[in-house]
**Q** 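Below is the structure I would like to discuss, written out as structure tokens.
Computed from a predicted model, the values in this text were never measured in an experiment.
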Amino acid sequence: MNDMIKEIESAQLKESVPQFNVGDTVRVHNRIKEGNRERVQMFEGTVIKIQGGSSRQTFTVRKISSGVGVEKTWPIHSPNVEGVDVIRRGKVRRAKLNYLRKLSGKKAKVKEQIAPNRK
């Protein structure tokens, strides 16, 4: 039975999964169906957590909209997520950034990770 479940789940996985980490600022391209038409809506914010594994893996993105914090969670392998663009890399030391929920203004920013100089 367990092998059967693994086989079904592996068929649902995407071939190309975007590479991003917690603390990165990302732009998620989300497919929305309204009646008989489809459109793509973008949601840009900071990744505050990545959890799960295999086909159940999800990520949560947080942004501030009109002074109110908004969080959305998507499955990474969902057909409704068309793509994830990494805008900037964040420098964090935690796996989950729940402390950002209490902060506001400039304190709620994540420092940018600077790539090392290669010679």
Side-chain angles (χ1 to χ4, degrees):
M1 183 69 176
N2 197 12
D3 294 333
M4 194 174 187
I5 293 172
K6 286 182 182 178
E7 185 177 321
I8 292 170
E9 285 183 351
S10 65
Q12 296 175 348
L13 298 178
K14 287 183 179 178
E15 291 89 27
S16 61
V17 178
Q19 295 296 321
F20 59 90
N21 291 316
V22 174
D24 294 351
T25 301
V26 296
R27 183 177 295 137
V28 181
H29 300 272
N30 189 22
R31 185 180 302 133
I32 296 176
K33 188 170 186 180
E34 296 173 334
N36 58 356
R37 31 179 242 127
E38 282 189 6
R39 66 186 178 90
V40 176
Q41 186 177 35
M42 289 181 264
F43 188 89
E44 185 174 335
T46 305
V47 178
I48 63 167
K49 66 180 172 179
I50 298 175
Q51 63 185 17
S54 183
S55 65
R56 299 184 189 104
Q57 189 172 14
T58 61
F59 65 102
T60 303
V61 180
R62 178 179 175 83
K63 75 173 184 176
I64 305 295
S65 179
S66 302
V68 179
V70 179
E71 291 183 9
K72 286 190 179 183
T73 302
W74 289 281
I76 288 181
H77 296 284
S78 170
N80 290 332
V81 176
E82 278 197 359
V84 179
D85 299 334
V86 178
I87 306 301
R88 62 186 211 123
R89 299 276 179 192
K91 181 181 177 184
V92 294
R93 296 175 65 178
R94 305 202 180 282
K96 296 198 170 41
L97 305 180
N98 293 325
Y99 66 90
L100 288 179
R101 294 174 177 155
K102 299 175 189 171
L103 303 178
S104 62
K106 290 184 178 180
K107 291 180 182 179
K109 283 187 178 180
V110 174
K111 289 185 180 179
E112 188 168 3
Q113 183 178 9
I114 300 171
N117 293 335
R118 298 187 186 236
K119 294 182 181 180

**Q** What are the two closest heavy atoms between Arg94 and Tyr99, and how far apart are they?
**A**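 Looking at all heavy atoms of both residues, the shortest contact is CD-CE2, 4.2 Å.
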
**Q** Quick check: does any side chain N or O of Lys14 sit under 3.5 Å from a backbone N or O of Ser78, one acting as donor and the other as acceptor?
**A**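 Judged by distance alone, yes, a pair lies under 3.5 Å.
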
**Q** Measure the CD1-CZ distance between Ile76 and Phe20 for me, rounded to the nearest 0.5 Å.
**A**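 One gets 4.5 Å once the value is rounded to the nearest 0.5 Å.
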
**Q** Which is it for Phe59 and Val22 under the side chain to side chain contact (heavy atoms under 4.5 Å, CB included) test, yes or no, and what are the steps along the way?
**A** CA-CA 9 Å; Phe59 65 102; Val22 174; over 6 Å; no

**Q** Is Leu103 linked to Val110 within one hydrophobic cluster, defined over Ile, Leu, Val, Met, Phe, Trp and Tyr using a side-chain heavy-atom separation of less than 4.5 Å?
**A**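 Linked within one cluster.
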
**Q** Take a 6.0 Å sphere around CD of Glu38 and say whether it holds more than 12 heavy atoms from other residues, nucleotides or ligands.
**A**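 Counting neighbours around CD of Glu38, more than 12 heavy atoms of other residues, nucleotides or ligands fall under 6.0 Å, so yes.
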
**Q** Applying side chain to side chain contact (heavy atoms under 4.5 Å, CB included), run through Lys6 and Asn2 and close with a yes or a no.
**A** CA-CA 6 Å; Lys6 286 182 182 178; Asn2 197 12; 4.1 Å; yes

**Q** Compare every heavy atom of Lys63 with every heavy atom of Phe43, then report the nearest pair and how far apart it is.
**A**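 Shortest heavy-atom separation between Phe43 and Lys63 comes out as CE1-CE, 3.5 Å.
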
**Q** If you round to the nearest 0.5 Å, how far is CD1 of Ile50 from OG1 of Thr58?
**A**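 Between atom OG1 of Thr58 and atom CD1 of Ile50 there are 9.0 Å.
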
**Q** Any sub-3.5 Å donor-acceptor pair from Arg31's side-chain atoms to Pro79's backbone N or O?
**A**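 Answer holds: yes.
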
**Q** Could you give the distance from CD (Gln57) to CG (Leu13), rounded to the nearest 0.5 Å?
**A**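 Going from the CD atom of Gln57 to the CG atom of Leu13 covers 9.5 Å.
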
**Q** Return the minimal non-hydrogen interatomic distance between Gly90 and Asp24, and the atom names on each side.
**A**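 Here Gly90 and Asp24 meet closest at N-OD1, 3.0 Å.
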
**Q** Considering non-hydrogen atoms only, spot the tightest contact between Asn21 and Val47 and give its length.
**A**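 Closest approach of Asn21 to Val47: O-CB, 3.8 Å.
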
**Q** Quick check: do Val92 and Leu97 have side-chain heavy atoms less than 4.5 Å from each other?
**A**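 Result yes, sub-4.5 Å side-chain heavy-atom pair found.
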
**Q** Just so I know, are the side chains of Val61 and Lys72 near enough to count as touching, which here means a heavy-atom distance under 4.5 Å?
**A**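 No, every pair of side-chain atoms sits at 4.5 Å or beyond.
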
**Q** Any Lys/Arg nitrogen of Arg101 or Glu71 sitting under 4.0 Å from an Asp/Glu carboxylate oxygen of the other?
**A**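 Here Arg101 pairs with Glu71 in a salt bridge, since their nearest N and O are under 4.0 Å apart.
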
**Q** Roughly how far, to the nearest 0.5 Å, is the CD1 atom of Ile64 from the OG1 atom of Thr46?
**A**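 Separation between the atoms: 8.5 Å.
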
**Q** How long is the gap from CD1 on Ile32 to CG on Asn80, to the nearest 0.5 Å?
**A**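 Here the rounded value is 9.0 Å.
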
**Q** Check whether any side-chain N or O of Asp85 sits under 3.5 Å from a backbone N or O of Arg27 as a donor-acceptor pair, and report yes or no.
**A**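 A pair under 3.5 Å: no.
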
**Q** Got a salt bridge between Arg37 and Glu34, using NZ or NE/NH1/NH2 to carboxylate O under 4.0 Å?
**A**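 So Arg37 pairs with Glu34 through a salt bridge.
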
**Q** In Å and rounded to the nearest 0.5 Å, what is the CG to CE distance from Asn30 to Met42?
**A**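 Answer for the CG-CE pair, Asn30 versus Met42, is 11.0 Å.
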
**Q** Which atoms form the tightest heavy-atom contact between Val17 and His77, and what is the distance?
**A**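 The answer is CG2-CE1, 3.4 Å.
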
**Q** Apply side chain to side chain contact (heavy atoms under 4.5 Å, CB included) to Thr25 and Glu44, showing your working.
**A** CA-CA 7 Å; Thr25 301; Glu44 185 174 335; 4.2 Å; yes

**Q** Hey, mind stepping through Thr73 and Thr60 against side-chain hydrogen bond (donor to acceptor under 3.5 Å, both in side chains) and telling me if it holds?
**A** CA-CA 4 Å; Thr73 302; Thr60 303; 2.9 Å; yes

**Q** Compare every heavy atom of Arg56 with every heavy atom of Glu9, then report the nearest pair and how far apart it is.
**A**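 The pair with the smallest heavy-atom distance is OE2-NH2, 2.6 Å.
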
